[in-house]
Every structure is written in structure tokens, then in C-alpha cells.
Amino acid sequence: MSKPSIPQGTRDFSPAEVRRRQYIFNTLRDIFENYGFQPLETPSMENLTTLMGKYGEEGDRLIFKILNNGLHEKKEADKEKLNAEWSKVLEKPYATPVVTERALRYDLTIPFARYVVMHQNELAFPFRRYQMQPVWRADRPQKGRYREFWQCDADVVGSTSLINEAELLCIYQAELLCIYQSAFHKLQLPQVVIKINSRKLLAGIAEVCGMPELMMEITIAMDKLDKIGWEGVSKELSQRGISEDGINKIKHIIAVTGDNEARLSALENIMQSSETGKQGVAELRQTLAYHKDLASANWQAEVVVDISLARGLNYYTGVIVEVVTNAVKMGSIGGGGRYDDLTGLFGLKGLSGVGISFGIDRIYDVIEELNLFPQELATGTKVMLVNFGGANEQYALRTLQQLRNSGIAAEIYPDASKFDKQMKYANKRGIPYVILPGDEEREKQMLSLKDFTTGEQKMVTLEEVITTLNS
RNA sequence: GAGGCAGUAGCUCAGCUGGUUAGAGCAUCAGAUUGUGGUUCUGAGGGUCGAGGGUUCGAGCCCCUUUUGUCUCCCCA
């Protein structure tokens with residue numbers, strides 16, 4: 001009656017999928033290590049209070065909350081409070097430690113900030129770490145969107161006093177851009193575009209338009225430019241209460257074209273009346289200058305200044321980036337940005353950082369769709385020994401041990417089943433070689449080695465088997 | 001939170017305007033074949049047609065409710 005199933009938005013990963021995912025993880029890990037980042041892991045669950053209020057209103061709703069244990073054991077006095085809070089939960093989107101003290105990790109950045117604050121005295125700043133772990137969102141699943149998915153993050157935090165000028169954070173930002181390019185180069189992802197913008201520029205636009213308080217409204221509308229076009233955006237802008245005059249100015253800003261420097265120059269002119277806006281331009285310019293020195297000519301992924309880029313997470317304060325590939329219809333495959341004072345949320349002032357995130361589940365989907373996984377990933381057991389039972393089984397087991405000692409992934413069929421059944425099993429598993437240790441082989445102290453891809457079979461010594469399989 | 005589509009064997013799906021005992025391919029198991037797989041042939045097992053109610057002489061099919069999956073919008077990686 002009840003067929004087994006898994007929760008909505010979660011997935012099993014079969015052996016071949018795990019191999020392909022590990023290929024992506026390993027590629028990223030190598031690059032992170034190569035850039036001097038250190039690994040970090042944090043718990044799957046955090047205290048609710050650590051997470052709430054960090055991701056915006058929508059974010060709070062999407063946090064997976066864990067129901068407290070032992071609610072029925074509460075004392076009568078506590079139960080009254082529990083009842084009061086519970087009815088609030090039933091009424092509206094609401095979360096309270098009284099009911100849910102813990103919640104599943106929503107991203108890797110906030111737990112990282114929490115970690116930095118808790119271990120501030122042990123860490124050497126600037127602290128560079130990478131982290132590859134699953135995160136959970138109580139979102140509605142659809143294509144490229146899961147409720148459990150993995151992020152691979154790299155962040156640098158340092159004290160602003162150490163780094164004298166805030167602009168110097170740009171060098172880290174430039175490094176992170178290089179990590180993106182290097183990673184997508186290694187994974188051979190085509191048509192990758194790294195969009196870069198600055199929250200300060202967005203704030204500048206709002207200022208220039210004379211309505212700084214509507215910055216969020218303006219950026220949300222502008223973010224939809226490539227989806228609904230200028231006509232849609234202008235309509236949305238007026239719906240969101242932007243004046244005719246402001247819309248015209250925004251139209252002007254969006255119309256800026258040319259290469260990155262041309263865009264920045266044009267934006268600089270437009271931003272004359274906004275200190276914040278000018279600062280945004282300067283930071284972008286500085287970042288791109290560092291990047292030029294650090295980048296390799298081989299990398300295909302483009303870095304493009306895109307004024308219409310917004311990002312939902314509300315802790316970003318400066319440069320923001322987002323990665324897309326035009327080769328497949330898919331949401332962004334990575335994103336990140338600069339945050340000032342992220343740790344201030346947890347009581348440690350004066351630390352700033354930059355970070356990036358890879359959405360490896362989407363990257364997987366893209367590579368899969370474009371058939372870009374290397375062929376040779378499908379490895380595993382190299383050779384299976386057929387089991388003929390009795391003395392032959394003993395002979396096979398001794399051979400098996402010697403093969404394994406030589407570093408060859410080998411296994412034996414567990415019982416002396418019919419011959420073709422054993423062969424079919426090996427074939428289905430995709431094991432490339434089979435060894436037949438039978439009467440004749442045992443008496444001669446030899447082994448028959450069959451190559452499943454060619455069908456060839458020859459009787460050779462153990463040493464020859466090892467040489468063949470290790471080549 | 002709003003909407004579209006779907007739920008029939010382990011998997012992918014047929015099943016006509018409602019009409020005898022609900023089918024196919026793949027997979028599984030057994031045999032042809034007791035030391036030669038990936039090709040072939042034969043046979044077998046496997047279903048309260050997502051759940052509940054209604055209409056009807058009769059429902060896999062029509063109606064209502066419910067549930068699950070999937071896709072789109074919102075938002076995000």
C-alpha cells in the first residue's frame with residue numbers, strides 16, 4: 001500500500017551520480033586549496049535565532065524549522081506560553097524558539113560568520129575558508145531548484161583596520177572572480193558570464209532619482225530586465241511608486257553600453273551627485289584592475305558589469321556578483337558579494353568580507369544536459385573473480401587478497417552460482433575484467449583473465465594480471 | 001502564497017463515446033545453455049487502476065473531495 005518515497009525536493013544519488021558530483025567537488029576543492037583557502041564544516045542545524053532576520057522576510061519563511069522535542073513534557077506554566085505561541089504559528093508566518101529552537105542551515109555564509117565570531121581569538125586574519133555542505137530551503141521545488149542542495153562557498157574576512165582602506169577588499173574580490181573563471185574553465189562549462197555590480201551603485205541610482213528610500217523597489221524591478229524587457233520594467237517601476245522623472249533617469253542608466261570601462265565611465269558621470277554611487281564605481285574599477293593582473297588568458301568566462309543585477313540577500317553592501325551560463329536555460333549557478341560588518345550581527349564589529357558560492361546541483365544539471373562529464377569517471381571494481389567453489393574458491397580468495405594488496409579494486413562473486421549468472425552480474429555491473437580461477441588454472445598456478453570490452457581471454461600468471469590491470 | 005498538467009505492474013507508458021477476465025516494452029526470476037557475459041528464443045511471477053465519496057444496470061474512464069508528484073509565476077543557488 002504505502003510505497004516508499006523521499007521528501008519533496010530531495011534526491012537519492014546513485015553510484016554514477018555520486019561519482020560525477022565528486023568530480024565537481026574535487027575540481028572545486030583543488031582550486032580553493034590552490035588559492036590558499038582552508039576547509040570548514042559547520043552543523044546541519046543552527047539555533048533559530050542565528051538564522052532569523054538574515055535573509056530578508058522571504059528568507060525567514062523559507063528556513064526549515066525543527067519542532068522542539070518533548071513539548072508534551074512541559075510544565076503547566078510553560079504550556080500556557082506554548083499554547084499562545086502555537087496559535088500565532090497557526091495564524092501567520094511566525095517562528096519562535098518556544099516552538100522551534102533549531103533550524104536547518106539556509107546557506108553557508110551566516111554559519112561562517114557565526115563561526116568567525118565564536119573563534120575570533122584563534123583565527124589569523126584575514127581568514128580564508130571554503131565550505132562544501134548541503135543547505136535546506138522550504139521552497140517549492142521546480143527545475144533546478146531543490147529543497148536540499150549543496151553549496152560550495154569561499155569567503156575571506158579581515159578586519160577593516162588591518163586593511164586600512166576598504167577598497168583593498170577588492171583584491172580578494174578579484175581573486176574570487178578568478179576562482180569562478182578557473183573552475184568553469186576546468187569543468188569546461190561554455191558561455192559562462194560573471195555579472196558584477198555594486199549595491200552602492202544601486203543605492204546611487206536611487207539617490208540620483210531622488211528617492212533613496214526606494215532602492216529595494218528599484219533594484220527588484222531592474223533585476224527583471226532580461227526577463228521582461230524595458231517595457232515590463234518601466235511598468236513595474238511605476239507600479240512600485242517610482243516617479244516619471246525617476247523612470248526616465250533609470251532608462252538612461254540602463255541604456256549605458258560598451259565594454260566595462262566605458263560603462264563605468266558613463267555611470268561615473270551619471271553618479272556625479274551621489275557620493276555612494278561614485279564609491280561604487282571606484283570599487284568596481286579597482287576590482288577589475290586587480291582582476292586583470294590576476295587572471296589567466298585561457299579563461300573563457302567573461303566578467304561583465306551589469307547594472308541590472310540585484311541580489312536578494314540583504315547583507316551584501318558592496319560589490320555583488322552572479323554567474324549564469326547561456327548554454328542552458330537555468331537560473332544562476334553561483335553568486336556572491338561583499339559584506340561589511342556581517343559579524344556585527346553577532347556582536348563582533350569591524351570585520352568585512354567577500355564571498356562566492358557555487359550552486360553545484362545546478363552546475364551538475366548543466367554539465368549533464370550538455371554531456372560534458374568526462375567518460376572515465378565510471379570506474380569502480382576493476383576485476384571480478386568468478387567463484388567455482390571448493391578448492392577453487394580458496395584459490396580465488398588468495399588471489400583476491402593479492403590483487404587488493406597491489407591496489408587493484410577487485411571482488412569475488414559470493415557463491416558458486418551458475419557460470420552465466422556470474423558473468424551476467426559482472427557485465428551488468430560494468431566490471432571491465434573477469435578472472436576465472438578454475439581447476440585447470442589452480443593446478444597450473446595460473447589465472448584466466450578475460451577482457452570484457454574486447455572479449456579476449458588468456459591464461460597468464462598473477463604478476464601478468466597485476467601488470468595488465470595496473471596499466 | 002497563486003495557477004497549469006499528471007497519478008494504471010519494480011520502471012516507462014497504452015487503455016477509443018463508460019461495456020466481459022486491465023495490456024505492452026523494459027526490468028526480475030526460471031529454462032534452452034553443468035567453464036564463457038553483453039545478441040536470441042520459451043515460460044513465469046507481479047495490479048484493491050493514488051485515496052475517499054457520488055452518478056450508473058455497469059466506472060481505470062464521468063462528477064466532487066482529498067493526497068502525492070511535476071512544471072510555471074513570486075523568489076532564489
Undergrad: Could you give the CD-to-P distance, from A:E58 to B:C74, as a whole number of Å?
TA: 12 Å
Undergrad: Rounded to whole angstrom, note down the P distance from B:C49 over to B:A9.
TA: 10 Å
Undergrad: Pick the P atom in B:U40 and in B:U8, then give their distance to the nearest Å.
TA: 28 Å
Undergrad: Please tell me which of A:R140 and A:F358 maps to the more 5' nucleotide of RNA chain B, matching each residue to the nucleotide holding its nearest heavy atom.
TA: A:R140
Undergrad: With a 3.5 Å cut-off and heavy atoms only, can you find an N or O donor on one side and an acceptor on the other between the side chain of A:R362 and the base of B:C76?
TA: yes
Undergrad: Who are the side-chain hydrogen bond (donor to acceptor under 3.5 Å, both in side chains) partners of A:W299, not counting sequence neighbours?
TA: none
Undergrad: Could you state the CZ-P distance from A:R147 to B:U68, rounded to the nearest angstrom?
TA: 10 Å
Undergrad: If a pair satisfies side-chain hydrogen bond (donor to acceptor under 3.5 Å, both in side chains) and one of its residues is in residues 383-394 of chain A, list it, with sequence neighbours excluded.
TA: A:N387-A:E393, A:N392-A:D439, A:N392-A:R442
Undergrad: Do the ring centers of A:F37 and A:Y130 come within less than 6.0 Å of each other?
TA: no
Undergrad: Please report the distance, rounded to the nearest Å, between CD in A:Q142 and C1' in B:C5.
TA: 15 Å
Undergrad: Would you verify whether the NZ or CZ of A:R21 falls within 45 degrees of the ring axis of A:F13 while also being under 6.0 Å from that six-membered ring's centre?
TA: yes
Undergrad: In whole angstrom, what separates A:Y146's OH from B:G69's C1'?
TA: 15 Å
Undergrad: Is the Lys NZ or Arg CZ of A:R11 less than 6.0 Å from the centre of A:Y146's six-membered ring, within 45° of the axis?
TA: yes
Undergrad: For B:U17 and B:C76, measure between their P atoms and round to the nearest Å.
TA: 47 Å
Undergrad: Tell me, please, which residues at least two apart from A:N298 pass side chain to side chain contact (heavy atoms under 4.5 Å, CB included).
TA: A:H185, A:S296
Undergrad: Using the C1' atom as the point on both nucleotides, what is the distance between B:A27 and B:U12, in whole Å?
TA: 11 Å
Undergrad: Just by distance, no angles: are the side chains of A:R147 and A:Q8 close enough, under 3.5 Å, to form a donor-acceptor pair?
TA: yes
Undergrad: Please state how far atom CZ in A:R11 lies from atom P in B:G69, giving the value in whole angstrom units.
TA: 15 Å
Undergrad: Rounding to an integer number of Å, can you tell me how far A:I320 CD1 sits from B:A77 P?
TA: 11 Å
Undergrad: Which residues pass the side-chain hydrogen bond (donor to acceptor under 3.5 Å, both in side chains) test with A:E322, not counting sequence neighbours?
TA: A:R311
Undergrad: Specify the separation, in whole Å, of atom CG of A:L108 and atom P of B:C76.
TA: 18 Å
Undergrad: Please give the distance between the P atoms of B:C5 and B:U48 as a whole number of Å.
TA: 28 Å
Undergrad: Can A:R114 be said to sit on top of A:F346's aromatic six-ring, NZ or CZ under 6.0 Å from centre and within 45° of the ring axis?
TA: no
Undergrad: For RNA chain B, list all stems, counting runs of three or more consecutive pairs where every pair is Watson-Crick or G-U wobble with both distances under 3.5 Å.
TA: B:1-7 with B:67-73, B:10-13 with B:23-26, B:28-32 with B:40-44, B:50-54 with B:62-66
Undergrad: With A:R129 as the cation and A:F112 as the aromatic partner, state whether NZ or CZ is under 6.0 Å from the six-membered ring centre and within 45° of the axis.
TA: yes
Undergrad: When you compare B:C16 with B:G60, how far apart are their C1' atoms, in angstrom units rounded to a whole number?
TA: 13 Å
Undergrad: For A:S332, answer base if it contacts any base atom (sugar-phosphate contacts may also be present), sugar-phosphate if it contacts only those atoms, and nothing otherwise; contact means non-hydrogen atoms under 4.0 Å.
TA: sugar-phosphate
Undergrad: Looking only at atom C1', what distance separates B:U66 and B:G7, rounded to whole Å?
TA: 14 Å
Undergrad: What's the gap between B:U28 and B:A59 when it is taken at their C1' atoms, as a whole Å value?
TA: 32 Å
Undergrad: Treating primed atoms plus P, OP1 and OP2 as sugar-phosphate and everything else as base, which nucleotides of nucleotides 30-37 of chain B get B, S or - for protein heavy atoms under 4.0 Å?
TA: -S---BBB
Undergrad: Could you tell me whether the phosphate oxygens of B:G69, OP1 or OP2, come under 4.0 Å of any side-chain nitrogen or oxygen in A:Q8?
TA: yes
Undergrad: Nearest heavy atom decides the nucleotide; on that basis, is A:P141 or A:Q151 closer to the 5' end of RNA chain B?
TA: A:P141
Undergrad: Round to the nearest Å and state the distance from A:D107 atom CG to B:A77 atom P.
TA: 8 Å
Undergrad: Please indicate whether A:E213 has more than 12 foreign heavy atoms, meaning atoms of other residues, nucleotides or ligands, lying under 6.0 Å from its CD.
TA: yes
